[in-house]
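Quick notes on the structure that follows.
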Amino acid sequence: MVATRRTRKRKNSPGEPSTQSSSSSTQASKKMKVEQQKGQQSKGKGKDREDDMTEEDLVNIQAANDEQEDEEDDIEEDDEEEDDAIDWENIQLPLRFENQDSIKEDIDADTLTVYNDVEIVMKTPRVVLKESNWEKAYQRNLRQWMHHSHVVLLIAHYKLRNEWCLNANMKNVCLSVIPDNCMRLLAKDSSESALKTGIKWLVKWWQEFFVLTGPGLLTKPYLEVENHYNGFKTLKEWIDSHQSDQNGDYIEDLEAFMQLLVSKAGTRDTSAEVFAAILRACGCDVRLVASLQPLPYKIPPSTTSKTAAEDPPQETTEDSSNKPIFKYRAPTKAYVDPNVQLKEAKAKPPTVWCEVYCTDSKRWMTIDPIRGHIDKPTLMEPATLNRTNHISFVLAFDNQNKVTDVTRRYTSNIDKAMRLRDRPLTRREKEGGMKPWSETMLARVCHKKITERDRLEYEEMEKQQSRQVMPSAIGAFKNHPLYALERHLLKYEVLHPKEPVLGSIRGEKIYPRSNVKTVNTAVNFRKQGKQIKTGEQPIKMVNANVFTIEKKRLQEQAKQDGYPLSVACYGEWQTEPYIPPPVINGKLPKNEYGSIDLFTPNMLPQGAAHIPIKGIGKLARKLGIDYADAVVDFDFVKMRAVPVTDGIIVIEQEKWLLLEAWDEHEQAEAIKAIAKQEKDVYIRWRKLIKSLLIKARVDRAYEPQNNVDKWENFNSNKGGEADVRGGGFLPESDQEDN
DNA sequence: GTGCAGTAATCGCCTTTGTGAAAC
DNA sequence: GGTTTCACTTTGGCGATTACTGCA
C-alpha cells in the first residue's frame with residue numbers, strides 16, 4: 001500500500017527521519033491533526049494531495065484534541081515561514097493501515113517515526129534488550145520448578161497406573177484373556193528356568209495379542225514443551241487436546257484402562273502396564289518399572305535445539321499432525337507401523353517395563369514385553385544420542401505400590417543420570433549442608449522399611465556399579481572416579497605426587513584420581529585460617545580473576561608491560577595454620593586498614609578478645625579503649641570488595657571492663673526506652689481522651705432527635721429565609737461561642 | 001561405527017578493604 | 001555540623017560442562 005504524504009523537510013537535515021518515544025502518541029495525533037488542517041489551508045500546494053489523504057490521517061484527525069487549537073495557531077505562524085520547504089513523496093505504508101480500526105489500538109505499541117513534522121506510526125521491530133541476570137535466574141528457577149513438578153507428577157502417574165494394575169476387577173479381566181497354557185507354565189514350579197519359560201510364552205502371546213498405537217510418554221525438549229503449552233489458553237483446552245491424542249497416553253480411569261485390554265490396543269506404555277497386571281494375575285511377584293522422562297531443567301545450547309527441530313523425529317510413530325512440515329519430510333521416510341517398528345528386537349528401548357521376582361535365585365528379572373527381552377537389563381538403556389529417552393529416574397512400583405529406585409541397574413553412566421535428575425548444587429549450597437532435591441524427594445517417595453530382599457538387591461546394584469574397567473577412550477577419563485589424565489586437570493588442580501603411573505593411553509600417562517589435588521592462592525588459604533610455609537614455592541601459576549576495579553587496573557598495567565596477570569597457587573600440604581601477631585605492650589596488631597582479619601577463630605591475636613556485638617565500638621571509643629573492627633568476610637558491591645565486620649577486637653584485659661560498661665549502657669538505654677514508651681503512652685491516652693470528648697460534643701450536637709427538631713424548624717421557615725447559619729444546627733453553646 | 005577436536009551455548013564462580021545520601 | 005547508618009547493586013570474564021558437527 002503506497003500513500004502520498006505531505007512532509008516538511010527540516011532545514012538543517014533534509015529528508016533525514018528521526019524517531020520519537022511512543023509515549024508521545026497522543027501528542028503525535030494532535031500534531032497530525034494540525035498538519036492535516038494546515039494541508040487544507042495551504043491549497044496552492046496541497047489541494048491536489050488532499051485526495052490522497054490516507055485512512056490513518058483521518059483517524060488521527062478524529063483522535064485530535066480540541067485543546068490543541070492554541071498550539072495550532074502558533075504552528076500556523078511557523079508554517080507560513082516554512083511553506084517553501086514543504087515537499088511530497090511516496091512512502092510505503094504497513095499493510096495493517098488498511099484496517100483503520102486497529103490503528104488506535106496499535107498506536108501505543110508501535111514506534112512513532114517523525115518525518116519532519118509529520119509523524120507516522122510504523123510497525124518497527126522492537127529493540128531486543130539483553131536479558132538481565134534477574135530474568136535469566138527467574139527463567140532458570142521456573143524451568144527447575146517445572147522439572148521438579150513434572151517428576152512428582154510422573155511418579156503420581158505411575159503410582160496410579162500401578163494401582164490400576166493391582167485392582168481386583170482388572171485381575172478378573174486379565175484372567176479372562178490369558179491363555180490356559182501360559183497360566184499352567186507359570187504355575188508349574190518356582191525355578192528360574194521354569195519361570196523364564198513361562199514368561200517367554202506369555203510375552204510371545206502378548207506381542208501378538210496387544211496392538212501398539214504409539215510410543216507413549218517421551219522426553220521433549222524444553223522449548224518444544226514451552227511452545228506447546230503456550231498454544232492453550234485454559235487447562236481444559238489442554239486436557240481436551242490430550243484426550244484426543246492417541247499417543248498422549250491419556251487414560252481417564254480404571255474402566256478405560258480395562259477397556260484398552262478388551263480392545264487389545266494402546267500405547268507402548270499402556271502395553272507394558274497392562275502386561276504387569278497380566279503377570280500379577282498369573283501369580284507372579286511383579287514390579288512395574290518406569291523410566292521417568294521429565295521435562296529437562298536446562299535448555300541445551302541453541303545449536304542443539306535447532307538441529308533437534310530440523311532432524312526427523314526419533315520415533316517415526318510420533319504424531320506429526322500439529323508440527324510444521326520441514327524440508328526433510330520428503331518421501332524419504334515412509335510411514336512405519338508402530339505395532340511393527342516398536343516390537344522389533346532391535347527397536348529403541350521402551351520407558352516402561354516389568355520386573356519379576358525369582359524366589360529361586362532371589363533376584364529381580366527384567367521383562368520387556370514390547371521387544372520380548374527377558375532378563376536383559378542392559379538392553380533397557382537408550383543410546384546416548386537418543387533425544388527422547390533419557391535415563392534419570394528408573395523407579396519400580398511393587399504389588400504394594402511401594403517405590404524403589406532401581407536406576408543403577410539400568411544405566412552404565414550413573415553420573416549422567418544423577419546430573420539429569422537435578423541441577424548440581426553450588427559450592428555454597430554444599431557448604432551450607434543443602435541436599436539435592438532429588439535425594440530429598442526420593443527419600444520421601446521410596447519405602448523406608450528395608451527387607452532382606454531389598455538389602456540383596458542394593459548390594460547387587462552396588463557391585464554392578466563398582467565393576468568399572470579402565471576406559472579405552474581419552475574422553476572417558478574425564479571425571480573418572482578412579483583414573484585421571486593430566487590434560488583434564490582443572491584450573492585449580494595439580495597432580496601431587498606424579499606417581500604412581502597406572503598406565504598410558506596414546507602416550508599420555510594415567511594417574512590415580514586420588515593424586516589429583518586442589519590448589520589455592522595464598523589469599524584464599526588465609527581466608528581458611530592458613531598461611532604458606534616459609535620457603536614454599538608456588539606449585540602452579542594461574543590467570544588471575546579480574547573482578548574489582550583495582551584488579552582491572554593491575555591487569556591493564558600488566559597488559560601494557562606485556563605479561564599476563566597471574567597468581568601463584570599452593571597446595572594444602574604447603575600450608576600451616578595461620579598464627580597472627582600477638583598483642584605486645586597492650587597494642588593490637590591492626591592491619592593497614594585499622595582492622596583485624598578474623599575469618600576463622602584461630603586468627604584472633606594472642607592476648608586479644610573478640611566481642612561480637614554490633615555498635616559496641618562506639619562505646620569503646622567513648623571510654624577511650626583501643627579496638628579494631630573484626631573483619632569476618634567480604635561483600636562485593638559495584639565491583640568493589642567491602643569488608644563485613646562482626647563486632648570488635650580489644651585486648652583481653654579490657655574485655656570485661658567493656659562488657660560491664662556495655663551492660664550499664666544497655667540498662668540506661670532500656671530505662672530511656674521505657675521512659676520514652678511511657679511518654680508515648682501518655683500522649684496517646686491524651687489524644688484518645690480528647691478525641692472522645694470531641695466525639696461526645698459532636699454527637700450531642702447532631703444526635704438524631706436534635707436533627708429532627710432542627711429539620712422541622714427548617715421546614716417551618718421554608719416560606720421565608722432559611723437560617724443559613726445553620727438554622728440552629730449548631731449547638732446553642734457553640735453558636736454562642738461563635 | 002567410533003573417537004576426538006572444535007564450536008557454541010549455558011551457567012556458576014570468583015572477587016579481598018566504597019560511597020553518597022539520609023538519619024540521628 | 002559531625003557521626004552513623006543504610007542503600008546501592010545483578011557487573012563481567014572465565015572456566016566447566018554439554019551436545020553437537022565434521023573429520024579421520
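Naming convention: chains lettered A, B, ... in sequence-line order (proteins, then strands); numbering from 1 in each chain.
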What nucleotide, of [options], holds the atom closest to the side chain of [X]?
| X | options | answer |
| --- | --- | --- |
| A/Pro643 | C/dC6, B/dT17, B/dG18 | B/dT17 |
| A/Arg487 | B/dT17, B/dA5, B/dG18 | B/dA5 |
| A/Ser595 | B/dA5, B/dG18, B/dT17 | B/dT17 |
| A/Tyr593 | B/dT17, C/dA16, B/dA5 | B/dT17 |
| A/Val631 | B/dT17, C/dC6, B/dG18 | B/dT17 |

*If we ignore angles and hydrogens, is there a donor and acceptor under 3.5 Å between the side chains of A/Thr534 and A/Glu536?*
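A/Glu536 and A/Thr534 do not have a side-chain donor-acceptor pair below 3.5 Å.
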Rounded to the nearest Å, what distance is computed from the [atom1] atom of residue [X] to the [atom2] atom of nucleotide [N]?
| X | N | atom1 | atom2 | result |
| --- | --- | --- | --- | --- |
| A/Glu508 | B/dG3 | CD | C1' | 14 Å |
| A/Leu489 | C/dG15 | CG | P | 15 Å |
| A/His488 | B/dG3 | NE2 | P | 14 Å |
| A/His147 | B/dT10 | NE2 | P | 19 Å |
| A/Ile505 | B/dC4 | CD1 | P | 6 Å |
| A/Asn591 | B/dT17 | CG | P | 11 Å |
| A/Tyr492 | C/dC14 | OH | C1' | 10 Å |
| A/Asp646 | B/dT17 | CG | C1' | 17 Å |

If I pick the [atom1] atom on [M] and the same atom on [N], what distance separates them, to the nearest angstrom?
| N | M | atom1 | result |
| --- | --- | --- | --- |
| C/dA7 | B/dC14 | P | 28 Å |
| C/dC6 | B/dT17 | P | 24 Å |
| B/dG12 | C/dT9 | P | 23 Å |

*State plainly whether the residues A/Asp597 and A/Arg526 are in salt-bridge range, i.e. N to O under 4.0 Å.*
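Salt bridge present between A/Asp597 and A/Arg526.
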*Output yes when A/Lys509 and A/Glu486 qualify as a salt bridge under the 4.0 Å nitrogen-oxygen rule, no when they do not.*
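Salt bridge flag = no for A/Glu486 with A/Lys509.
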*asked:* Rounded to the nearest 0.5 Å, what separates atom NE2 in A/His147 from atom OG in A/Ser392?
replied: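 Nearest 0.5 Å value for the NE2-OG distance: 6.5 Å.
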_Within a 6.0 Å radius of atom NZ on A/Lys533, are there more than 12 heavy atoms belonging to other residues, nucleotides or ligands?_
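Above 12, so yes.
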*If you look at every strand shown and take non-hydrogen atoms under 4.0 Å, does A/Asp633 touch a base, only sugar-phosphate, or nothing?*
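If one applies the 4.0 Å heavy-atom cut-off, A/Asp633 turns out to touch nothing in the nucleic acid.
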